[in-house]
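Atoms within a ligand are numbered from 1 in the order they appear, just like the ligands themselves. Sequence positions, counted from 1, serve as the residue numbers for this chain.
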Amino acid sequence: MKYISTRSKNFEGLTSAEAILKGLAPDGGLFVPEKIPYLSNKEIKNLIDKSYEKRAVDILSRFLTDYTSDELNECAELAYDWFDIHDRVRLAIMSDKPEKAKKIKANQNNVTAFLELWHGPTSAFKDMALQILPQLMRVALKKTGESHEILILVATSGDTGKAALAGFADVPQTKIMVFYPDGGVSKIQRLQMVTQRGDNVNVTALKGNFDDCQNGVKKIFSDPQIAEELDKANVKLSSANSINWGRLVPQIVYYFAAYVDLVIAKEINFGDIVNVTVPTGNFGNILAAYYAKKMGLPIGKLICASNINNILTDFFNTGVYDRNRSFFKTISPSMDILISSNLERLLYHETNDPDYIKKIMDELNTNGRYEISSDLKKKLNKIFYADYAGEEEARSFIATMLKDKNYLIDTHTAVALAVANKYVKTTKDSKPMIIASTASAFKFAPAVLTSINEDISNLDEFAQLNRLQAISKIDIPRNLASLKTAEVLHNDVCESSEMAEKVLAFAKK
Ligand SMILES: *Cc1c(COP(=O)(O)O)cnc(C)c1O
């Protein structure tokens with residue numbers, strides 16, 4: 001399987017190992033598989049009896065054809081061994097079974113299943129990919145004969161930084177350096193990062209906001225002088241963000257896992273069509289569900305849920321992608337995004353026309369806007385439904401779920417649930433629904449607590465966690481509870497003008 005670029009016909013393509021190390025295609029496009037593999041029903045059924053790791057190896061092996069099965073097995077085992085629960089992902093099934101349930105076929109139950117993707121080391125769904133990406137990179141370095149050390153540079157507004165640190169810590173031939181805005185992340189998020197152990201990690205606070213972090217990192221990536229100095233130190237820069245194919249492909253696995261787990265739970269019959277709702281930011285997670293659908297998993301509609309930064313809702317409903325709009329800070333911060341990079345991959349697969357993709361991406365770059373053809377829009381609308389939820393709406397779903405179902409959801413998952421409900425109301429399509437649950441509610445305790453009318457004005461962050469535990473009767477995730485006593489290992493603070501210097505110093509260490 002070759003990886004080609006979304007933006008040019010003439011690019012010959014690379015192996016998956018090469019694409020994972022490079023991140024971005026030389027023409028600025030994203031790597032996509034030249035063809036999407038298809039699984040027969042029998043092949044999907046074969047996943048039923050497998051562990052999560054084996055399911056991952058099965059799906060990954062169809063895309064990463066240059067990796068041996070031994071290599072993939074090792075990557076999956078190292079990636080997912082930390083996970084608290086045996087299943088790695090867990091389905092919380094809320095089925096409103098009609099009274100005479102036994103007489104009714106399984107697929108007539110009104111099933112909503114929350115696909116909990118946050119049982120990993122940092123309690124956010126990004127672990128699902130960021131635990132295995134470093135392993136895939138480590139093997140790729142070996143396979144391609146790369147002798148340089150790879151330095152992963154990350155600018156973070158909170159969640160990605162910690163998930164990347166946890167994934168790359170002590171992975172051979174790699175180093176990771178994370179910049180976060182000083183005073184611009186929650187106390188828990190800061191503690192998660194500054195207590196990170198590992199001989200190859202660095203965490204630095206930047207005097208500035210998230211944009212300053214991101215701009216600084218971008219500048220370093222494009223500075224030839226820095227590249228030359230790094231080369232002398234035998235170091236190359238790379239990134240771990242969700243445009244990397246190695247971060248996207250592991251996300252396909254859990255949609256297959258969710259489907260076969262619903263079959264195992266007898267909530268659906270094999271072959272039944274399910275809908276999927278995903279709380280969306282950079283369009284990575286929902287794109288993985290799209291790949292799963294293309295691969296033959298019986299998925300009906302993909303429901304793209306946004307918060308009030310609803311650029312994707314407008315895109316799917318009007319055909320116009322326009323980033324010239326206000327930006328809002330919300331209680332679901334990981335979805336506060338105006339450029340959903342992975343949308344480019346979807347548009348490529350639905351057109352197979354790299355010249356067209358290059359044209360509209362150039363328009364986005366210069367005018368901040370593009371409009372797709374009405375044919376393409378029609379095609380997309382067959383697959384996707386898009387809507388958004390406001391702040392109060394999301395809050396009310398957190399409260400209702402806890403009150404009515406005794407089930408705790410975080411702010412991002414609440415946006416997804418609100419939009420899933422709108423979809424069912426609007427379309428009357430009541431097929432079983434899988435909702436991607438992307439973070440533990442404990443990661444967003446202040447917003448979750450105020451949503452259920454708790455007064456938190458006198459509670460520090462650990463008292464908030466305790467309060468949420470008392471209310472929900474759910475244990476605080478270990479990684480968050482242990483922060484109270486964890487040693488702070490990273491105290492560095494720097495100015496924007498010092499970033500390059502800091503990177504070089506860490507690279508040479
Ligand atoms: C990153 C993130 C999202 C958005 O996922 P994308 O793949 O960027 O669309 C949603 N929820 C949470 C909790 C996240 O961390």
* Run the numbers for me: atoms of ligand 1, each under 4.0 Å from some heavy atom of Lys126, listed by number. => 1 (C), 2 (C), 3 (C), 14 (C), 15 (O)
* Can a salt bridge be assigned to the pair Asp159 and Lys443 using a cut-off of 4.0 Å between side-chain N and carboxylate O? -> yes
* For atom 9 (O) of ligand 1, what's the nearest protein heavy atom and its distance? -> Gly281 N, 2.7 Å
* Regarding Arg247 and Asn244, is there a side-chain donor-to-acceptor distance under 3.5 Å anywhere? -> no
* Structure fact -> shortest atom 6 (P) of ligand 1-to-protein heavy-atom contact is with Asn282 N, 3.5 Å
* Asked: Polar-atom distance check: Phe283 versus ligand 1, any N or O pair below 3.5 Å?
  -> yes
* Classify the side-chain pair Arg138/Gln135 by whether it contains a donor and acceptor separated by less than 3.5 Å. => yes
* Among side-chain atoms of Ser437 and Thr413, is any donor-acceptor pair under 3.5 angstrom? -> yes
* **Modelled atom types, side-chain donor and acceptor of Asn479 and Ser123, under 3.5 Å** => yes
* Asked: Is Lys422 salt-bridged to Glu393, cutoff N-O under 4.0 Å?
  -> yes
* Structure fact -> Numbered in order shown, the ligand 1 atoms found under 4.0 Å of a heavy atom of Ala439 are 13 (C)
* May I ask you to list the atoms of ligand 1 that are less than 4.0 angstrom from any heavy atom of Gly284? => 6 (P), 7 (O), 9 (O)
* To do: Identify, for atom 7 (O) of ligand 1, the protein heavy atom at the shortest distance, and state residue, atom and that distance.
  => Asn285 N, 2.9 Å
* To do: Could you list which atoms of ligand 1 come closer than 4.0 Å to a heavy atom of Thr280?
  => 9 (O)
* Structure fact -> In ligand 1, the atoms that come under 4.0 Å of a heavy atom of Thr438 are 10 (C), 11 (N), 12 (C), 13 (C)
* Parallel, tilted or perpendicular: ring planes of Phe384 versus Phe283, cut at 30 and 60 degrees -> tilted
* Asked: Which ligand 1 atoms does Pro279 reach within 4.0 Å, using its non-hydrogen atoms?
  -> 4 (C), 10 (C)
